[in-house]
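Structure first, commentary second.
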Amino acid sequence: MSIYDTLNAEQREAVFHTEGPLLILAGAGSGKTRVLTHRIAYLIEEKGINPWNILAITFTNKAAGEMRERVDDIVGFGSESIWVSTFHSTCVRILRRHIDRLGYDNNFTIYDSDDQKTLMKDVCKLLQIDTKTYRERMILSAISSAKDEMVTPEEYELNAYGDFSKKKIAEAYKEYERQLKANNALDFDDLLVKTVQLFQTQPEILEYYQDRFRYIMVDEYQDTNTVQFKLISLLAAKYKNLCVVGDDDQSIYKFRGANIQNILSFEKEFEHTKVIKLEQNYRSTSTILDAANAVIKNNVGRKAKSLWTENGEGEKIQFRQFDTAYDEAEYIVGDIRERVDNGKAAYCDHAVLYRTNAQSRLFEEKMITANIPYKIVGGVNFYARKEIKDLLAYLKTIDNGKDDLAVRRIINVPKRGIGLTTVNRITEAAQQRGISFYEALCSADLVPGLGRSISKLESFAAMIEYFRKEAEHLSITELMKEILTETGYVEELKAEGEEEAEVRLQNIDEFLNKIAAYEESCEEELPTLSGFLEEVALVADIDSLDEESDYVVLMTLHSAKGLEFPYVYLAGMEDGIFPSYMTITADDPTELEEERRLCYVGITRAKKELSMTCARRRMIRGETQYNKMSRFLKEVPPQLLSTGKIVEKEELELPKQNAYVQAKQSFQAKPFMISKPVQQFGVKSGEGLSYGVGDRVRHMKFGEGTVTAITEGGRDYEVSVDFDSAGTKKMFASFAKLQKV
DNA sequence: GTGCCTGCTCACGGG
DNA sequence: GAGCAGGCAC
C-alpha cells in the first residue's frame with residue numbers, strides 16, 4: 001500500500017504525469033493541493049529528482065505556508081530545499097542576487113502602496129499635475145495595469161498618441177520610474193517585471209534558473225496575469241516540465257490583471273499539453289455543492305464542469321435576514337458560542353467571511369463581548385501603522401541611503417527642528433546635482449539658504465552614520481533598541497502618556513518580537529537587515545494561521561480562497577455590499593460575473609454547514625444604507641435553505657416574557673419573514689433583569705463591579721459596569737451573564 | 001517651525 | 001467614521 005493508493009484515478013494520473021506540460025482543471029475541493037504535494041513526493045521518491053530542482057508557486061503567503069507544511073509532512077528528507085513561495089518572493093530572491101545587472105543595487109527597497117502614493121505625490125508636484133483631476137491612485141492603478149501587461153513608459157506614451165489624459169499618465173509613469181530607480185526601489189509590480197527583464201536580457205542567468213527549476217508547479221493558475229505568465233513561460237521554456245492547476249470558476253483577481261486567456265494560451269504556448277479534469281469534490285456536503293453549482297451556472301463565460309460528491313446531503317443552508325448589521329453579528333457570534341458550548345465544534349472550526357475588510361469591526365466587537373477567541377486575517381497591515389513605518393524607515397535609511405522616501409520620513413521624527421522649508425531646499429539641491437537626498441544632506445554646507453539648520457542636519461547625519469557602524473556588529477534587535485533610545489522615540493511616546501501612545505508602545509514591543517522571530521527563523525542563513533526588510537515588505541501577516549491555537553477566523557472572501565472550514569458564515573449578503581455597488585452599476589457585465597465567482601468561492605469553503613446572512617440596514621462610511629438581499633441569495637434553490645424557527649404571529653403578541661429570554665430568543669433566531677421590529681415589544685429599560693443601576697454584579701472575566709447604566713440596545717440590554725479592577729465596560733446583558741452579588 | 005482645526009476623501013480585493 | 005492634507009494662528 002503506497003501513499004498514492006488513496007488518490008482517485010484522475011488524481012493519480014496527474015501525479016504520475018511528470019514530464020512535459022500539464023494543465024489540471026481542478027474544481028473546488030477536488031483535492032488539488034493533495035495532488036500537488038503527492039506529485040512532489042512522487043518526483044523525489046519515485047523519479048529520483050533532486051528536491052533542489054523543484055519550484056512550487058502560489059499566490060498568497062498563506063497558501064505557500066500551507067503547501068510548505070504539507071510538503072514537509074509528506075516528503076520528509078530534503079523537503080527544505082524545494083522552493084515553495086509566492087510569485088513575489090520568488091522574484092525577490094532572484095533579484096537580490098542579480099538585479100545589479102539591470103543597474104540597481106542588490107539591496108533595493110520594496111515600496112508598499114503607501115510609499116507608492118507618497119512618491120506619486122512628489123511626481124505630480126514636480127510635473128505640475130493637478131491631483132484633483134488626476135488622482136494619485138488613478139495614475140498608480142493605470143501604471144500598475146501597464147506593468148501587468150509589461151508596457152514600458154515609452155510604449156505607453158506611444159499608445160497615448162492624441163489622448164491627453166493618457167499622455168499625462170505617460171509623463172507621470174516615466175518620472176515615477178525615474179524616481180523609483182533613483183531611490184533604488186521597486187514597487188510590487190516591478191518585482192515581476194524586472195525579473196522578466198532580467199531573464200530576457202541576461203540569457204546565462206535565465207539558463208541557470210531553467211536548469212535549477214526543472215520541475216515547476218503553479219497553483220491558482222487562473223489568477224495569473226500576463227507578466228506572471230511570461231515569467232513561468234521563460235523558466236519552463238527549456239525543459240517544459242510545467243504543471244499548472246486552476247479553476248476558471250474561481251478566478252477572482254481580474255482587477256489586478258488576471259487573465260483567463262492564460263489557460264487557453266497555455267495549450268498554445270506549450271504544445272502537447274496534457275489536460276486532466278478533477279471533478280470529484282471531497283470537501284462539502286451535496287447541499288453546499290448544489291448551492292454553489294446553482295449560483296455559478298448563472299455565469300455565461302465559463303467552461304462546462306460538473307462537480308459531484310459522494311458526501312451525504314448534510315444540513316440545509318441557514319439563511320437569516322436581520323434589521324441591522326449589529327443583529328447580524330450578534331446572531332453569528334451567538335450561533336458560534338452555542339455550537340462550541342454544546343461541544344459540537346471548536347472555535348477554529350468556524351470562519352466568518354465578508355466582502356470588505358471594513359465589515360470585520362462589528363464582528364470583532366461582538367467576539368470580544370462574547371469572550372470568543374478570534375483572529376482577523378488581513379485588514380490593516382501591522383506594518384502599515386505609523387510608528388512601525390517610522391521605525392522601518394530608520395532601518396531602511398541605514399540599509400539603503402538612496403531611499404529618499406525613508407530618509408524624508410524620519411528626518412524630523414522625533415522632532416528635531418528640521419522643517420518643511422529645509423527639507424524642500426535639500427530636495428531641490430539633490431535634484432539639481434543628481435544625487436540622493438541623503439547625500440545632499442550630508443553636504444548641507446553646499447546647499448544655499450539653510451542657515452541655522454545646518455548643525456541640526458549634521459547631527460542627524462552623524463547619528464545615521466553611527467547607526468550604520470553599529471549595524472555592522474549588532475544584531476537587528478540590538479540595533480533597533482539602540483535606535484529607540486538614541487533617537488528618543490520611545491521617550492517621546494512615554495511623555496505623551498495618552499492611551500494612543502500606549503497602544504503605539506505596545507506595537508513597538510510587538511515589532512521587536514517580530515524582529516527576534518525573524519532572527520530565530522534564519523537558521524543557516526545569516527539574518528540580515530535587508531532580509532528582514534524584505535520579509536516585512538512581502539508578508540502581510542507574518543504569523544500565518546497556526547493550527548495549535550483555537551480561534552474563530554475572520555477574513556475577506558478573497559483571503560479565504562484555498563482554505564476550508566467545517567462551519568462557514570457568509571455575512572453581508574446584500575446588493576451593494578456583495579455584489580458590490582461598483583459592479584452592479586458597472587457597464588461591464590463580466591464584473592458581476594467575477595463577483596459571482598467570488599460567491600462561489602465563499603460557498604465552497606464550507607465542509608459541513610453554511611450560513612448566509614444579511615441586514616436591512618447598516619452603517620457604511622458613517623451613513624446608514626438600506627440594502628436588499630443579495631441577488632446571489634436568490635440564485636440558491638429555496639429547497640436548500642432553512643430560515644430557522646419561524647415565530648408565529650400569536651407568539652409575537654404573547655404577553656411580555658422575561659426580557660432576558662426575549663432578548664436571547666430574538667437574536668438567536670430572527671427569521672426574515674418577521675417584518676415587525678422586535679424593539680416594538682414595549683419592554684421598558686431594565687425590566688426583567690435581575691439587577692439594576694447601582695447594584696453590585698459579578699462577571700466571569702472582569703470580576704466584581706457596580707452597574708452604572710442600563711440602556712436598551714436594539715435586541716438586548718446594554719449594561720455599563722464600573723469594574724473594580726478592569727475599569728468601565730459596556731456589555732450586552734445576554735452575553736455578559738452578570739450575577740447580582 | 002509647530003500645533004490645532006477643518007474639510008475632504010476614502011473603501012473592493014492582495015503581494 | 002477615520003485618517004490625512006491644507007490652512008491658519010502662535
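Sequence lines set the chain letters: A, B, ... in the order given, protein chains first and strands last, and positions in each chain run from 1.
- Heavy-atom contacts from other residues, nucleotides or ligands closer than 6.0 Å to NZ of A:Lys386 number more than 12.
- Residue contacts for A:Lys121: at a heavy-atom cut-off of 4.0 Å it reaches the sugar-phosphate backbone alone, with no base atom in range.
- Side-chain proximity of A:Phe188 to B:dG3, B:dG15, B:dG13: nearest is B:dG15.
- Comparing B:dC10, B:dG15, B:dG13 against the side chain of A:Leu538 picks out B:dG15 as the nearest.
- Computed from coordinates, the A:Ile620 CD1 to B:dC10 P distance equals 17 Å when rounded to whole Å.
- Put simply, A:Ser559 has a side-chain N or O that comes within less than 4.0 Å of OP1 or OP2 on B:dG14.
- Between A:Tyr111 atom OH and B:dG14 atom P there is a gap of 24 Å when expressed in whole angstrom units.
- Side-chain N/O atoms of A:Gln250 and A:Tyr600 include no donor and acceptor closer than 3.5 Å.
- Side chains of A:Gln222 and A:Glu220: a donor on one and an acceptor on the other come within 3.5 Å.
- Note: CD1 (A:Ile577) to P (B:dG13) measures 11 Å, nearest angstrom.
- Between B:dC10, B:dG15, B:dC12, one nucleotide has an atom nearer to the side chain of A:Met582 than all others, and that is B:dC12.
- When side chains are defined from C-beta on, A:Leu234 does not count as touching A:Tyr209, because their heavy atoms never get closer than 4.5 Å.
- If you take CG of A:Asp114 and P of B:dT9, they are 19 Å apart, rounded to a whole angstrom.
- Spacing between atom CG of A:Leu186 and atom P of B:dG15 amounts to 18 Å, rounded to whole angstrom units.
- Mapped onto DNA chain B by nearest heavy atom, A:Lys117 and A:Arg256 fall at different nucleotides, with A:Lys117 at the one closer to the 5' end.
- Across the protein-nucleic acid pair, A:Asn357 atom CG and B:dG15 atom C1' stand 14 Å apart, rounded to whole Å.
- Comparing B:dG15, B:dG14, B:dG13 by their nearest atom to the side chain of A:Phe255 picks out B:dG13.
- Note on A:Ser113: nothing from the nucleic acid sits closer than 4.0 angstrom, heavy atoms only.
- In this structure, A:Tyr253 does not pack face-to-face on the six-membered ring of B:dG13, missing the 5.5 Å centre cutoff or the 30° plane limit.
- Summary of the strand contacts: A:His558 and A:Thr421 both lie near DNA chain B, and taking for each the nucleotide with the nearest heavy atom, the more 5' one is attributed to A:Thr421.
- Contact check on A:Glu492 versus A:Lys415 returns no salt bridge, with no Lys/Arg side-chain nitrogen under 4.0 Å from an Asp/Glu carboxylate oxygen.
- Side chain of A:Thr356, nearest nucleotide from B:dC12, B:dG3, B:dG15: B:dC12.
- Counting any heavy atom pair closer than 4.0 Å across all strands shown, A:Thr583 reaches no nucleic acid atom.
- A side-chain donor-acceptor contact under 3.5 Å links A:Asn299 to the backbone of A:Glu593.
- In this structure, A:Phe87 reaches neither bases nor backbone, as no heavy-atom distance under 4.0 Å exists between it and the strands shown.
- Among the atoms of the strands shown, only primed sugar atoms or phosphate atoms (P, OP1, OP2) are found under 4.0 Å from some heavy atom of A:Thr422.
- Rounded to a whole Å, the CE atom of A:Met138 is 15 Å from the C1' atom of B:dT9.
- Between A:Asp112 atom CG and B:dG13 atom P there is a gap of 16 Å when expressed in whole angstrom units.
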